[in-house]
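All remarks here apply to the structure that follows.
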Amino acid sequence: MPIKKPVPHLGTTVALQNVKKAMSKGHKSVYAELNLTPMIDMFTMIVIFLLMTFSASGEIAFVTRDIKLPEAQQFAQLESAPVIAVSSPESDPRGGVVTLDGSEVATVRELVESESPDFKISRLSEDLEVLKHNCKLLNPDDADQICTQVIVQSDRKIEFKVLKKIMYSSGLAGYGNVNFAVNQKAASGGGKGGHP
């Protein structure tokens, strides 16, 4: 097959010839292309923005099935913060688990049976320090208010010794505002309501 010299392809078909003639006469084409990629990027950014906005004012943390929160009549709305969850020893064969934002940092059994005079939970404190450092990088102006809060979701049957170690470790990491997630209790002593 012989090699042919390249030629311009515009104007080789009838439709393109008409476009070429219209452009040469100074007429504007009524056809406009729509770029889908920038439009999809824009809609993605809008969806992410709306999700972040609604998650800040909606339900802050998902409570797992094996955590039965205590009830309280006096409560305040929680703000977004790292969540320390403590599951019930009865529902877990390992004797309960302490997690920080879903990752395990200790077991309830080892915290209860520990005879050490130091109340510090090393891994919890270290992970909280990393979260605080990251929070300060993202919020340099409001770091003192935003980056010093932590939420504790504890089962109602957890011993106070475990909660004391969690609060102590949070304080060492620089979290001075420890909030406890609770279920809303009706004033008449009725059923549960609301979200933590």
Side-chain angles (χ1 to χ4, degrees), residues 41-42 44-88 92 96-112 114 116-185 193-196:
D41 291 344
M42 181 188 67
T44 304
M45 295 300 288
I46 290 172
V47 168
I48 291 172
F49 172 75
L50 292 174
L51 286 174
M52 295 298 289
T53 303
F54 287 123
S55 69
S57 61
E59 188 163 335
I60 297 297
F62 175 75
V63 182
T64 58
R65 197 180 311 171
D66 55 344
I67 297 178
K68 299 206 182 330
L69 296 176
E71 295 180 347
Q73 290 181 358
Q74 301 292 325
F75 63 92
Q77 192 70 30
L78 294 175
E79 296 178 6
S80 181
V83 177
I84 302 171
V86 188
S87 63
S88 170
D92 193 344
V97 179
V98 180
T99 60
L100 174 62
D101 286 340
S103 62
E104 183 178 336
V105 293
T107 63
V108 174
R109 183 177 293 151
E110 70 184 21
L111 295 179
V112 170
S114 174
S116 172
D118 185 17
F119 278 13
K120 180 180 177 182
I121 305 170
S122 300
R123 185 167 171 205
L124 175 62
S125 186
E126 292 167 4
D127 290 354
L128 282 172
E129 286 175 4
V130 170
L131 288 176
K132 184 173 183 183
H133 177 69
N134 294 341
C135 179
K136 283 184 176 180
L137 291 176
L138 295 173
N139 306 294
D141 298 332
D142 300 327
D144 293 336
Q145 295 175 352
I146 297 173
C147 303
T148 58
Q149 298 182 21
V150 68
I151 299 171
V152 177
Q153 290 181 350
S154 173
D155 190 84
R156 62 181 74 176
K157 295 182 180 178
I158 297 296
E159 292 184 33
F160 180 71
K161 180 180 181 181
V162 175
L163 296 178
K164 188 173 181 181
K165 289 184 177 185
I166 290 172
M167 291 189 296
Y168 180 76
S169 302
S170 302
L172 287 178
Y175 289 85
N177 191 358
V178 179
N179 299 306
F180 288 89
V182 295
N183 282 328
Q184 180 181 355
K185 183 178 181 180
H195 52 70

Q: Might you point out which heavy atoms bring Tyr168 and Asp118 nearest each other, and give the distance in Å?
A: CE2-OD1, 3.9 Å
Q: Could you tell me whether a side-chain N or O of Ser114 sits under 3.5 Å from a main-chain N or O of Leu111, the two making a donor and an acceptor?
A: no
Q | Shortest non-hydrogen contact between Leu69 and Arg156, atoms and distance | A | O-NH2, 2.8 Å
**Q.** Minimum-distance pair of heavy atoms, taken over all atoms of Gly174 and Thr148
**A.** O-CG2, 3.8 Å
Q. How long is the span from the OG atom in Ser122 to the CG atom in Asp127, to the nearest 0.5 Å?
A. 10.5 Å
(Q) Minimum heavy-atom separation for Val150 and Pro82, please, with both atom names. (A) CG2-O, 3.4 Å
Q | Qualifying residues under side-chain hydrogen bond (donor to acceptor under 3.5 Å, both in side chains), relative to Glu104, sequence neighbours excluded | A | Arg94
Q. What distance separates Ser170 OG from Ile151 CD1, expressed to the nearest 0.5 Å?
A. 11.5 Å
Q) Is any side-chain heavy atom of Ile84 closer than 4.5 Å to a side-chain heavy atom of Tyr175? A) no
(Q) Quick one: does any side-chain atom of Ser169 pair with a main-chain N or O of Ile121 as donor and acceptor, under 3.5 Å? (A) yes
Q) Which residue pairs pass the salt bridge (charged side-chain N to carboxylate O under 4.0 Å, His left out) test with at least one member in residues 160-175, sequence neighbours excluded? A) none
Q | Close side-chain approach of Phe180 and Pro70, heavy atoms under 4.5 Å | A | no
Q: Supply the atom-to-atom distance Gln153 CD to Ser87 OG, rounded to the nearest 0.5 angstrom.
A: 11.0 Å
Q. Is any side-chain heavy atom of Asp155 closer than 4.5 Å to a side-chain heavy atom of Val108?
A. no
Q) Side-chain contact, heavy-atom cut-off 4.5 Å: Ile46 with Met42? A) yes
Q) Excluding sequence neighbours, so at least two apart, what forms side-chain contact (heavy atoms from CB on, under 4.5 Å) with Val130? A) Asn134
